[in-house]
Chemist: 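Attaching a single structure in structure tokens format; questions to follow.
Computed from a prediction, not measured in an experiment: that's the story for all the values here. Heads up: numbering here begins at 1 and tracks the sequence.
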Amino acid sequence: MTTSKAPLVSPGSVLVGVDGSSHSDAAVAWAVDHARHRHVPLVLLHGAEPLGLGRIPFAEEGRLMLQESSRQVTDHAVELVRRRAPQLPVSVVHLYEDPRQAILEAAEPAGMVVLGTRGLGRLRALLLGSVSQAVAAHAPCPVTVVRPAQLRAGPGRGNVAVGVDLDGSSGAALQQAFEIADETGRPLDVVHAWSAHDTFVDATSYLDRLEILDGHERGFAEMIAGYAEKFPDVTVVRRMVDGSPVATLVEVSASASHLVLGSRGRHGVPALLGSVTRSVLERAHCPVTVVHDPAAPSLPGAERGR
């Protein structure tokens with residue numbers, strides 16, 4: 001095990017933010033399993049903001065207390081890793097700054113960031129904490145958010161699922177979902193939710209709906225075809241649903257082992273989590289991975305949808 005005061009993340013590593021909470025412990029457990037499937041090292045990161053220690057009396061004592069508290073958090077996380085996967089390479093990073101900034105700084109070379117839904121901070125009452133919100137919105141690599149209750153049933157249940165649009169923004173999410181399904185030997189549910197938004201009161205509107213439906217079916221099949229050829233061992237279940245994307249994906253998550261969501265490009269001004277992505281993260285029943293696709297269009301107002 002190695003310890004560093006600066007980010008020490010090798011390319012492709014799984015980086016997990018830890019703070020000693022039950023949510024953090026769940027994130028560590030999930031991250032260990034993902035790192036084993038990927039055959040990559042695990043990095044445990046604890047970010048501890050110094051809270052202006054340089055401007056108060058007894059600053060040196062405060063700094064030492066902060067370092068000791070941080071070490072206790074990471075020692076606990078290392079012990080969890082050792083129990084679950086004794087042979088997994090693991091390193092530790094301590095950064096004394098805002099945890100959001102610490103994780104984002106360290107995430108650049110990582111293959112995946114894993115976080116609990118919330119930690120021990122002042123915003124712990126929120127379903128989705130400020131750290132997980134910020135990192136899921138801005139990280140350069142996929143981010144997985146895990147809740148403690150989602151791991152109690154143990155591994156081996158449910159398909160991997162991925163929510164897709166037909167606007168070109170789902171390529172990175174599909175790639176990630178197929179990889180996870182292939183590594184874990186699970187079937188993959190590819191879910192596309194849409195609505196024609198009409199009342200079908202006459203024959204013309206009914207025919208219009210059939211035409212729209214046909215277009216969605218063709219686009220859906222074409223989008224999946226290349227990935228199915230690339231991952232021939234993955235059993236693909238196509239699910240096209242006429243309904244709300246949020247309600248559909250939350251319902252799918254109730255029986256899934258893992259849900260993958262795409263998010264549009266990170267060009268220009270920093271993007272916020274889209275309404276669909278954030279709503280599903282808040283309400284999902286399984287771990288959720290958010291994948292940014294920098295090649296996807298990032299049009300004004302686009303993030304409101306995804």
Chemist: What verdict does the side chain to side chain contact (heavy atoms under 4.5 Å, CB included) test give for E179 and R38, after you've listed the backbone C-alpha separation in whole Å, the side-chain angles of each residue and the deciding distance to 0.1 Å?
Modeler: CA-CA 9 Å; E179 288 178 2; R38 291 271 165 130; 3.1 Å; yes

Chemist: List the atom of T277, the atom of G262, and the distance in Å for their closest heavy-atom pair.
Modeler: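 Closest pair (atom of T277, atom of G262, distance): OG1-O, 3.9 Å.
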
Chemist: Will you find, in the side chains of H37 and T184, an N or O donor that is under 3.5 Å from an N or O acceptor?
Modeler: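 The criterion, which ignores hydrogens and geometry beyond distance, is not satisfied for T184 and H37.
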
Chemist: I'd like to know if the side chain of S253 and the backbone of V250 have a donor-acceptor N/O pair within less than 3.5 Å.
Modeler: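 Side chain of S253 to backbone of V250, a donor-acceptor pair under 3.5 Å: yes, one is there.
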
Chemist: For D233, check salt bridge (charged side-chain N to carboxylate O under 4.0 Å, His left out) against everything at least two apart and list the hits.
Modeler: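 In terms of salt bridge (charged side-chain N to carboxylate O under 4.0 Å, His left out), with neighbours along the sequence ignored, D233 is linked to no residue.
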
Chemist: Looking only at the side chains, is there a donor atom on one of R36 and Q87 sitting less than 3.5 Å from an acceptor on the other?
Modeler: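 No, Q87 and R36 have no side-chain donor paired with an acceptor closer than 3.5 Å.
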
Chemist: Could you state the interatomic distance from CG (L44) to NE2 (H94), rounded to the nearest 0.5 Å?
Modeler: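 The CG atom of L44 sits 9.0 Å away from the NE2 atom of H94.
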
Chemist: Quick check for you: to the nearest 0.5 Å, what is the distance between I103 atom CD1 and S132 atom OG?
Modeler: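 The CD1 atom of I103 sits 9.0 Å away from the OG atom of S132.
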
Chemist: Hey, is CD on E183 packed in by over 12 heavy atoms from elsewhere, all under 6.0 Å?
Modeler: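 Count over threshold, so yes.
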
Chemist: Any sub-3.5 Å donor-acceptor pair from R186's side-chain atoms to T235's backbone N or O?
Modeler: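 Not confirmed, R186 side chain does not pair with T235 backbone.
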
Chemist: With rounding to the nearest 0.5 angstrom, report the CD to CG distance, Q72 to D75.
Modeler: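 These two atoms lie 8.0 Å from each other.
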
Chemist: Are any of the side-chain nitrogens in R83 or E79 under 4.0 Å away from the carboxylate oxygens of its partner?
Modeler: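 Answer for the salt bridge query: yes.
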
Chemist: Taking side chain as C-beta onward, heavy atoms only, is L115 less than 4.5 Å from V113?
Modeler: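 Yes; the side chains approach each other to less than 4.5 Å.
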
Chemist: With a 4.5 Å cut-off on side-chain heavy-atom distances among I, L, V, M, F, W and Y, is there a chain of contacts connecting L166 to V241?
Modeler: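 In one cluster: no.
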
Chemist: side-chain hydrogen bond (donor to acceptor under 3.5 Å, both in side chains), that's the test. Do R278 and Q133 meet it? Break it down for me.
Modeler: CA-CA 8 Å; R278 174 163 179 167; Q133 281 187 49; 3.0 Å; yes

Chemist: I'd like to check the salt bridge (charged side-chain N to carboxylate O under 4.0 Å, His left out) partners of E68; sequence neighbours left out, ordered by chain and number.
Modeler: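 Listed in chain order: R71.
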
Chemist: Taking C-beta and beyond as the side chain, do M223 and L174 meet within less than 4.5 Å on heavy atoms?
Modeler: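 In contact.
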
Chemist: Where the side chain of H292 meets the backbone of A136, is there a donor-acceptor pair that is under 3.5 Å apart?
Modeler: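 Pair found, side chain donor or acceptor close to backbone of A136.
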
Chemist: Considering all heavy atoms of both residues, which atom of M112 and which atom of T144 are nearest to each other, and what is their separation?
Modeler: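 Smallest heavy-atom distance, with atoms named: SD-OG1, 3.1 Å.
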
Chemist: Can you check whether D165's main-chain N or O pairs, donor with acceptor, with S170's side chain at less than 3.5 Å?
Modeler: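 Yes, S170 side chain to D165 backbone: donor-acceptor pair under 3.5 Å.
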
Chemist: Test R82 against V90 for side chain to side chain contact (heavy atoms under 4.5 Å, CB included), laying out the working first.
Modeler: CA-CA 9 Å; R82 293 303 185 214; V90 57; 3.4 Å; yes

Chemist: Is a side-chain N or O of T248 found less than 3.5 angstrom from the main chain of S244, in a donor-acceptor match?
Modeler: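 Yes; at least one donor-acceptor contact below 3.5 Å.
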
Chemist: What are the two closest heavy atoms between V28 and A77, and how far apart are they?
Modeler: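 Answer, listing the atom of V28 first, then A77: CG1-O, 4.2 Å.
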
Chemist: Minimum heavy-atom separation for L45 to A106, with atom names?
Modeler: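 Where L45 meets A106 most closely, the heavy atoms are CD1-CB, 3.5 Å.
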
Chemist: Hey, does the side chain of S263 reach the backbone of V291 with a donor-acceptor pair shorter than 3.5 angstrom?
Modeler: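 Answer holds: no.
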
Chemist: Roughly how far apart are R84 CZ and D33 CG, rounded to 0.5 Å?
Modeler: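 Separation between the atoms: 4.0 Å.
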
Chemist: Regarding S13 and S10, do their side chains bring together a donor and an acceptor under 3.5 Å, going by distance alone?
Modeler: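 A pair is found: one side chain offers a donor N or O, the other an acceptor, under 3.5 Å apart.
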
Chemist: Could you measure the distance from the CD1 atom of I224 to the CZ atom of R238? Nearest 0.5 Å is fine.
Modeler: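 Reported value, rounded in 0.5 Å steps: 5.5 Å.
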
Chemist: side-chain hydrogen bond (donor to acceptor under 3.5 Å, both in side chains) between T74 and H46: does it pass, once the steps are laid out?
Modeler: CA-CA 7 Å; T74 54; H46 181 242; over 6 Å; no

Chemist: For A110 and C141, which heavy atoms make the closest approach, and how far apart are they?
Modeler: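 Reported closest heavy-atom pair: O-CB, 3.4 Å.
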
Chemist: Please assess V190 against F220 for the test side chain to side chain contact (heavy atoms under 4.5 Å, CB included), listing each intermediate value before the final yes or no.
Modeler: CA-CA 9 Å; V190 184; F220 194 23; 3.5 Å; yes

Chemist: Looking at G17 and S24, what are the two nearest heavy atoms and their distance?
Modeler: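 Heavy-atom minimum between the residues: O-OG, 3.9 Å.
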
Chemist: Measuring from L104:CG to E97:CD, what's the distance to the nearest 0.5 Å?
Modeler: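 That separation rounds to 10.0 Å.
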
Chemist: After noting the C-alpha distance and the side-chain angles of Q176 and V162, does the key distance pass the side chain to side chain contact (heavy atoms under 4.5 Å, CB included) rule?
Modeler: CA-CA 9 Å; Q176 186 72 213; V162 56; over 6 Å; no

Chemist: Going by atom types only, do T117 and H23 share a side-chain donor-acceptor pair under 3.5 Å?
Modeler: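 Per modelled atom types, T117 and H23 side chains form a pair under 3.5 Å.
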
Chemist: Are any side-chain N or O atoms of N159 and backbone N or O atoms of A161, one a donor and one an acceptor, separated by less than 3.5 Å?
Modeler: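 Judged by distance alone, no pair lies under 3.5 Å.
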
Chemist: What is the ring orientation for F178 with Y227, classed by angle as parallel under 30°, tilted 30 to 60°, or perpendicular over 60°?
Modeler: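 Judged by the thresholds at 30° and 60°, the geometry between F178 and Y227 is parallel.
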
Chemist: Donor-acceptor pair, H192 side chain versus V164 backbone, under 3.5 Å?
Modeler: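 Yes, the answer is positive, given that a donor and an acceptor are paired below the 3.5 Å cut-off.
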
Chemist: Measure the shortest side-chain to side-chain distance between R283 and V246 over non-hydrogen atoms and say whether it is less than 4.5 angstrom.
Modeler: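 Counting from C-beta outward, R283 and V246 do come under 4.5 Å.
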
